[in-house]
Amino acid sequence: MPTNCAAAGCAATYNKHINVSFHRFPLDPQRRKEWVRLVRRKNFVPGKHTFLCSKHFEASCFDLTGQTRRLKMDAVPTIFDFCTHLKSMKPKSRNLPKKNSCIPAGPSNMKSNVSCQQVLLEHSYAFRSPTEAKKRIIQLEKEIASLKRKMKNCLQKERRATQRWFKITCLVKSLEANNILPRGTSEHILPSALNDLTLQNFKIIVQDQQDQT
């Protein structure tokens, strides 16, 4: 059976593609009674598979430390779309733990849309399960390893091309020195910054390149 929200007028149904979580009614009798009171359904008795969706809780009621959306121990549902002729009901603080309480100071039914959007935004980064997060990490590690290999291959190709270029340049300058090629031939194939380098300097550069391989 699909998981539905037990709140009156709420049509939320579990869908893994929608960022809405579902939470069971508490096992603690006092907290369970308080949830039932706030839901305001006549003769309503929640069962083992009765849920409320995350739309009915303030953002401060959620624990953000994990990868899944969890309610804090003192969380209570306070966001409902009741009819305007019904009085606004506030949680009974005497029935709830006083420490780290997430109960809002006043009526919150007027802030339902804003609070719901805030919850969704704060949890939009979360993975649906630890298994999904692990798969994503493994995928990213593979992509990083592939990029490292490509970068290494590019550097090796660049180094080999540089070595060939210096060897050809040395050959041209050597042919010029032996009057086999006309003087000034190297000026047409070399960048202006390298025109003033002597043949001996080019030989030193080539030797350094070979020593690094």
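All residue numbers in this chain count up from 1 along the given sequence.
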Peer 1: Measure the OG1-CG distance between Thr78 and Leu38 for me, rounded to the nearest 0.5 Å.
Peer 2: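 Reported value, rounded in 0.5 Å steps: 8.0 Å.
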
Peer 1: Could you check whether any side-chain N or O of Arg31 sits under 3.5 Å from a backbone N or O of Val76, counting only pairs where one atom can act as donor and the other as acceptor?
Peer 2: no

Peer 1: Which atom pairs, one a donor and one an acceptor, fall under 3.5 Å between side chains of residues 41-51 and the rest of the protein, sequence neighbours left out?
Peer 2:
{"unit_1": "Arg41", "atom_1": "NH1", "unit_2": "Ala6", "atom_2": "O", "d": "2.6"}
{"unit_1": "Thr50", "atom_1": "OG1", "unit_2": "Gly47", "atom_2": "N", "d": "2.7"}
{"unit_1": "Thr50", "atom_1": "OG1", "unit_2": "Gly47", "atom_2": "O", "d": "3.4"}

Peer 1: Measuring from atom SG of Cys10 to atom CZ of Phe80, what distance do you get when rounded to the nearest 0.5 angstrom?
Peer 2: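 It is 9.0 Å, given to the nearest 0.5 Å.
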
Peer 1: So, the side chain of Ser54 versus the backbone of Ser21: is there a donor-acceptor pair under 3.5 Å, distance only?
Peer 2: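 It does hold such a pair.
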
Peer 1: Mind checking side chain to side chain contact (heavy atoms under 4.5 Å, CB included) for Asn179 and listing every partner two or more places apart, or none if nothing turns up?
Peer 2: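 Residues passing side chain to side chain contact (heavy atoms under 4.5 Å, CB included) with Asn179: Arg183.
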
Peer 1: Quick one: do Tyr14 and Val20 satisfy side chain to side chain contact (heavy atoms under 4.5 Å, CB included)? Show the steps, please.
Peer 2: CA-CA 7 Å; Tyr14 173 74; Val20 176; over 6 Å; no

Peer 1: If you take all heavy atoms of Phe22 and Thr13, which pair is closest and at what distance?
Peer 2: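 Nearest heavy atoms, Phe22 then Thr13: CZ-C, 3.6 Å.
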
Peer 1: In Å and rounded to the nearest 0.5 Å, what is the CG to CG distance from Leu52 to Asn4?
Peer 2: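 Nearest 0.5 Å value for the CG-CG distance: 12.0 Å.
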
Peer 1: What residues, two or more places apart in sequence or in another chain, satisfy side chain to side chain contact (heavy atoms under 4.5 Å, CB included) together with Asn178?
Peer 2: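 Checked Asn178 against side chain to side chain contact (heavy atoms under 4.5 Å, CB included); matches are Ser174, Ile180.
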
Peer 1: Looking only at heavy atoms, what is the nearest atom pair of Phe57 and Pro77, with distance?
Peer 2: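 Between these two residues, the closest heavy atoms are CE2-N, 3.4 Å.
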
Peer 1: Of the non-hydrogen atoms in Asp63 and Lys72, which two are nearest, and what is the gap between them?
Peer 2: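 Residues Asp63 and Lys72, closest heavy atoms: N-CG, 4.2 Å.
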
Peer 1: What's the separation between atom CZ in Arg70 and atom CZ in Phe62, rounded to the nearest 0.5 Å?
Peer 2: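 Nearest 0.5 Å value for the CZ-CZ distance: 12.5 Å.
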
Peer 1: For residues 138-151, run the donor-acceptor check on the side chains, cut-off 3.5 Å, and write out each pair with its distance to 0.1 Å, sequence neighbours left out.
Peer 2:
{"unit_1": "Gln139", "atom_1": "OE1", "unit_2": "Arg136", "atom_2": "NH1", "d": "3.3"}
{"unit_1": "Gln139", "atom_1": "NE2", "unit_2": "Glu143", "atom_2": "OE2", "d": "3.4"}

Peer 1: Calculate, to the nearest 0.5 Å, the distance between atoms CD1 and NE2 belonging to Ile79 and His56 respectively.
Peer 2: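 Answer for the CD1-NE2 pair, Ile79 versus His56, is 9.0 Å.
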
Peer 1: At what distance, to the nearest 0.5 angstrom, does CZ of Arg32 lie from CG of Asp28?
Peer 2: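 Here the interatomic distance stands at 10.0 Å.
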
